[in-house]
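The structure presented is a predicted model; accordingly, all values stated were derived computationally and were not measured. We number each residue from 1, following the sequence as shown.
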Amino acid sequence: MRLLEIDNLDVFYGDFQAIYSLDLHIAEGETLAVIGSNGAGKTTLMKAIAGLAPSSGGQIRYRELNIETVKPFKRVEMGIALTPEGRKIFRSLTVEENLKVGAHTKRKGPWNLSSVYAAFPLVSERRDRLGINLSGGEQQAAAIGRALMSNPDLLLLDEVSLGLAPVVVEQIYAALPQITGNGTTVLLVEQDVNQALKVADRVQCLLEGRTALEGRPQDLNRELIASAYFGLA
């Protein structure tokens, strides 16, 4: 069953069009990686799904319900959670307080403080530390944990590895099998193509707001991906 379906999506920032007639779908339990260079429209897509960037055309359907007019906080209550680019950790709150913010919807599910700490040792070890004193990797782990505390059915992960050391990226991605194993569907935006290919069931490459390539990792070679990623003929 398809959990999310996007048809003919257009998104503008003022006079600038960031997304052009985009189609995308993701089935329940699937991990879809959206890749592309800076300016490809990846973060705009995530914001549109979360309700933070209004669409100018097309449809976004979640569990077959059109959600274009649904407020962002209502989408969280429906089971859509975003880990935003830049993490957006509350700097004056401790890690644990940040996590508790994510639990405000009181949705039922497997994620609570104990399970988040078990999945992310980086978070567990820093639970009493203020957000302002966290490293980039610690912030990213805490941001993902905060999103999981809402017990989402669809987890949107925007630029997981951006600016992080490889060893930290490995630690964060190590939690992904537990997240998907608990039944959460994952839509992942990632600039690191190698990392995306490792974890995704399908990959969709964006170029200047349009789909340039999509398919299963095992069906895509480096030449195809590079051509789509960079817009080569």
Side-chain angles (χ1 to χ4, degrees), residues 3-4 26 28-33 46-47 49-52 62-63 70-190 195 199:
L3 182 63
L4 180 76
I26 183 168
E28 284 194 86
E30 188 177 29
T31 297
L32 173 65
M46 299 293 252
K47 287 181 176 180
I49 297 169
L52 302 174
Y62 177 72
R63 297 197 182 280
V70 176
K71 298 292 186 184
F73 74 93
K74 287 291 185 182
R75 298 190 196 196
V76 178
E77 293 175 359
M78 294 169 69
I80 301 173
L82 170 67
T83 299
E85 182 183 22
R87 295 115 194 188
K88 304 296 191 293
I89 289 294
F90 294 105
R91 294 158 62 86
S92 63
L93 301 182
T94 66
V95 167
E96 186 155 311
E97 289 168 339
N98 268 281
L99 295 179
K100 288 179 177 178
V101 169
H104 74 280
T105 62
K106 295 181 169 55
R107 279 176 56 87
K108 303 292 185 183
W111 294 104
N112 51 42
L113 287 174
S114 296
S115 56
V116 168
Y117 287 147
F120 293 99
L122 269 178
V123 172
S124 178
E125 295 163 6
R126 307 292 190 271
R127 65 183 71 185
D128 296 321
R129 184 170 295 184
L130 291 177
I132 194 173
N133 296 324
L134 298 179
S135 69
E138 292 161 358
Q139 288 182 35
Q140 186 65 281
I144 296 172
R146 182 179 60 191
L148 289 171
M149 288 288 287
S150 70
N151 279 296
D153 296 321
L154 176 61
L155 178 63
L156 309 175
L157 298 177
D158 194 1
E159 300 288 12
V160 175
S161 65
L162 186 64
L164 303 183
V167 64
V168 177
V169 174
E170 287 182 13
Q171 291 174 17
I172 291 174
Y173 270 104
L176 192 60
Q178 184 173 342
I179 294 170
T180 55
N182 280 334
T184 304
T185 302
V186 175
L187 177 53
L188 167 75
V189 157
E190 182 58 84
Q195 188 64 64
V199 301

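For Ala175 against Ala119, the heavy-atom pair with the smallest separation is CB-O, 3.6 Å. The two atoms that bring Arg107 and Asn151 nearest to each other are NE-O, 3.0 Å, heavy atoms only. Shortest non-hydrogen contact noted between Pro110 and Ser115 is O-OG, 3.0 Å. Closest heavy-atom contact between Ile172 and Phe120: O-CE2, 4.1 Å. Minimum heavy-atom separation, Arg146 to Pro84: NH2-CD, 4.5 Å. Between Ile89 and Ala142, the shortest heavy-atom contact is CD1-CB, 3.8 Å.
Once rounded to the nearest 0.5 Å, the distance linking CG of Leu157 with CG of Leu187 reads 8.0 Å. From Leu3, atom CG reaches atom CG of Leu32 across 11.5 Å, with rounding to the nearest 0.5 Å. To the nearest 0.5 Å, atom CZ of residue Arg126 and atom OG of residue Ser135 are 7.0 Å apart. The CD atom of Glu159 lies 10.5 Å from the CG atom of Leu164; values are rounded to the nearest 0.5 Å. Rounding to the nearest 0.5 Å gives a distance of 13.5 Å between OG1 of Thr94 and CD1 of Ile132. Atom OG1 of Thr105 sits about 16.0 Å away from atom CZ of Arg75, to the nearest 0.5 Å.
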Query raised in the report: Can you check side-chain contact (heavy atoms from CB on, under 4.5 Å) on Leu130 and Arg91, steps first, answer last?
Result: CA-CA 6 Å; Leu130 291 177; Arg91 294 158 62 86; over 6 Å; no
Requested in this report: In sequence, state the C-alpha distance, the side-chain angles, and the governing distance for Thr83 and Leu155, and then conclude on side-chain contact (heavy atoms from CB on, under 4.5 Å).
Outcome: CA-CA 8 Å; Thr83 299; Leu155 178 63; 4.2 Å; yes
Query raised in the report: Taking it one step at a time, do Asp128 and Val95 satisfy side-chain contact (heavy atoms from CB on, under 4.5 Å)?
Result: CA-CA 6 Å; Asp128 296 321; Val95 167; over 6 Å; no
Report task. Assess whether side-chain contact (heavy atoms from CB on, under 4.5 Å) is satisfied between Glu138 and Arg129, documenting all intermediate values. Result -> CA-CA 10 Å; Glu138 292 161 358; Arg129 184 170 295 184; 3.9 Å; yes
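A donor-acceptor contact shorter than 3.5 Å is absent between the side chain of Gln139 and the backbone of Arg87. No donor-acceptor pair closer than 3.5 Å links the side chain of Asp158 to the backbone N or O of Val189. In this structure, the side chain of Asn182 does not engage the main chain of Thr184 through any donor-acceptor pair within 3.5 Å.
Residue pairs satisfying the side-chain hydrogen bond (donor to acceptor under 3.5 Å, both in side chains) criterion with at least one member in residues 162-174, sequence neighbours excluded, are listed as follows: Tyr173-Glu190.
Looking at Val169 and Val160, their side chains never come closer than 4.5 Å, going by heavy atoms from C-beta outward. Pro152 has its side chain out of reach of Leu154: every pair of non-hydrogen atoms, C-beta onward, lies at least 4.5 Å apart. A heavy-atom distance below 4.5 Å is found between the side chains of Val168 and Leu122. A 4.5 Å side-chain heavy-atom check between Tyr62 and Ile49 finds every atom pair outside the cut-off. Here the side chains of Val123 and Leu99 are in contact, with some heavy-atom distance below 4.5 Å. When side chains are defined from C-beta on, Ile179 counts as touching Leu148, because their heavy atoms get closer than 4.5 Å. Under the 4.5 Å side-chain criterion, counting only non-hydrogen atoms from C-beta, Leu113 is in contact with Glu96.
Taking Thr180 as the reference, nothing meets the side-chain hydrogen bond (donor to acceptor under 3.5 Å, both in side chains) condition, with sequence neighbours excluded.
Comment: Arg63 engages Glu28 in a salt bridge, judged by a side-chain N to carboxylate O separation of less than 4.0 angstrom. Salt bridge absent: Glu97 and Lys100 never bring a charged side-chain N and a carboxylate O closer than 4.0 Å.
Atom NZ of Lys88 has more than 12 heavy atoms from other residues, nucleotides or ligands within 6.0 Å.
The cationic group of Arg127 lies under 6.0 Å from the six-membered ring centre of Tyr117 and within 45° of the ring axis, placing it in a cation-pi geometry.
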